[in-house]
Amino acid sequence: MTPQLVALQLFTGLALGAVYVLLAVGLSLIFGMLTVVNFAHGAFFMVGAYAGYALYQVVPNFWLCLVLVPLVVAAFGMAVERTLIRPLYGRGIDYPLLLTFGLAYVMVEAVRIAFGKQGLPVDTPELLQGSADILVGEFPLYRLFVIGVTVLVLAGLWLFIEKTSFGLIVRAGARDPQIVRILGIDVARVWLIVFGLGTGVAGLAGFLAAPMQGISPEMGGSVLTVAFVVTVVGGMGSLVGAIVAGILVGVVESLAVLFVPEAAKVSMFVIMALVLLVRPQGLFGRAGLMN
């Protein structure tokens, strides 16, 4: 066991955490604004992976697919919000939860019918193959790319939410939707865009994860668990919490693979238990409030 090996594993955890962050940020956006527990979030992650695979067969350009996939998944998410979820607003948190739970199974079965039950490998783009020297050793170039894309997406989301008038509406609506309505703002349109944004980020995460793990109809199930753990650890509805918790869970899981492999899969649940014992609302959550 050398310091270089630990450092490389730490970077592996950052790449894994980057995918977790994108997942949890999308989930937190939707919950923070709409108070919808989206059990189909992992399915949107899976749809993003398969959408990228299908688009690449038609337009074999990774960079174009990188742009198109989140837009396609966001459009699909907006259609789901408009036709299925919106009629359930105001009926309690259970109704959207049960609907998205069932929707996830429908989406998985639809993908099985379209692409088959077997998983499919996804090649790393030629330009991003190989490794790069990061001072502590050679590290896969594609994983560095995933980290970089995540940083850019998070920076874009921060600018959008903190520096635009629409972002101000989103933050105000997350705290008090009634006040936003009184001001004459079309809250339904805001919710539609936020749901599309959250699902689009999940689709991007699925597309980026595909070359690292391949794709399968069931790939959304395991990441949904991770997304909820990260969201709970960070604080429900907190974007900062989703970022910090996603990196924390990814790094701890990666280091656990190195030091205690048999405990790697349960390490995230240990983190969640410890955080909830000390701070039940999560690291950056506030009791009784969406932040």
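- Using modelled atom types, no side-chain atom of R91 and backbone atom of Y95 make a donor-acceptor pair closer than 3.5 Å.
- Heavy atoms only, all atoms of each residue included: S216 and M46 are closest at O-CG, 3.7 Å.
- For F228 and F39, the ring centers are positioned less than 6.0 Å apart.
- Around atom OH of Y89, more than 12 heavy atoms belonging to other residues, nucleotides or ligands sit under 6.0 Å away.
- In plain terms, the two heavy atoms of L204 and P70 that are nearest each other are CB-CB, 4.2 Å.
- Counting heavy atoms from C-beta on, the side chains of Q129 and L141 never come closer than 4.5 Å.
- Of the possible polar contacts, none joining the H41 side chain to the A227 backbone as a donor-acceptor pair under 3.5 Å is found.
- With ring centers used as reference points, F207 lies 6.0 Å or more from Y53.
- Note on L274 and V226: separate hydrophobic clusters, where clusters join Ile, Leu, Val, Met, Phe, Trp and Tyr whose side-chain heavy atoms are under 4.5 Å apart, directly or indirectly.
- Distance check: F45 CZ to S222 OG gives 7.5 Å after rounding to the nearest 0.5 Å.
- A donor-acceptor pair under 3.5 Å is absent between the side-chain atoms of S238 and the main chain of G235, judged by distance alone.
- One hydrophobic cluster holds both V58 and Y50 under the rule that ILVMFWY side chains link at heavy-atom gaps under 4.5 Å.
- Side-chain contact check for L248 versus I271: some heavy-atom pair is nearer than 4.5 Å.
- Other residues, nucleotides and ligands place more than 12 heavy atoms under 6.0 Å from the CZ atom of F160.
- Side-chain contact check for S254 and Q9: at least one donor-acceptor pair (N or O, by modelled atom type) lies under 3.5 Å.
- Among all heavy-atom pairs drawn from V249 and M268, the shortest one is CG1-CB, 3.8 Å.
- Heavy atoms of other residues, nucleotides or ligands lying less than 6.0 angstrom from CZ of R86 number more than 12.
- Ring orientation note: the planes of F44 and F195 are nearly perpendicular, at an angle over 60° on the 30°/60° scale.
- The side-chain heavy atoms of F145 and L208, taken from C-beta on, include a pair separated by under 4.5 Å.
- A single hydrophobic cluster is not seen to contain both V257 and L14; linkage of ILVMFWY side chains at heavy-atom distances under 4.5 Å, directly or through other members, places them apart.
- Residues passing the salt bridge (Lys or Arg N to Asp or Glu O under 4.0 Å) test with R112, sequence neighbours excluded: E109, E218.
- In this structure, A209 and V19 approach most closely via the heavy-atom pair CB-CG1, 4.2 Å.
- Closest approach of L103 to A40, counting heavy atoms only: CD2-CB, 4.2 Å.
- Screening L197, L152, I243 for a side-chain contact (heavy atoms from CB on, under 4.5 Å) with L157, the sole residue that qualifies is L197.
- In this structure, F166 and V190 have side chains that are in contact, with non-hydrogen atoms separated by less than 4.5 Å.
- Counting heavy atoms of neighbouring residues, nucleotides and ligands inside a 6.0 Å radius, atom CZ of F101 does not exceed 12 of them.
- For the pair F284 and G241, the tightest heavy-atom approach, listed with the atom from each and the gap, is CD1-CA, 3.5 Å.
- Note: E81 CD to I193 CD1 = 10.5 Å, rounded to the nearest 0.5 Å.
- Within a 6.0 Å radius of CD in Q57, other residues, nucleotides and ligands contribute more than 12 heavy atoms.
- Surrounding CD of E162 are more than 12 heavy atoms belonging to other residues, nucleotides or ligands, all under 6.0 Å away.
- To the nearest 0.5 angstrom, I215 atom CD1 is 12.5 Å from Q118 atom CD.
- At least one donor-acceptor pair under 3.5 Å links the side chain of S267 to the backbone N or O of A264.
- Taking CG of L27 as the reference point, atom CG of L22 lies at 12.5 Å (rounded to 0.5 Å).
- Between F62 and Y56, the gap from one ring centroid to the other reaches at least 6.0 Å.
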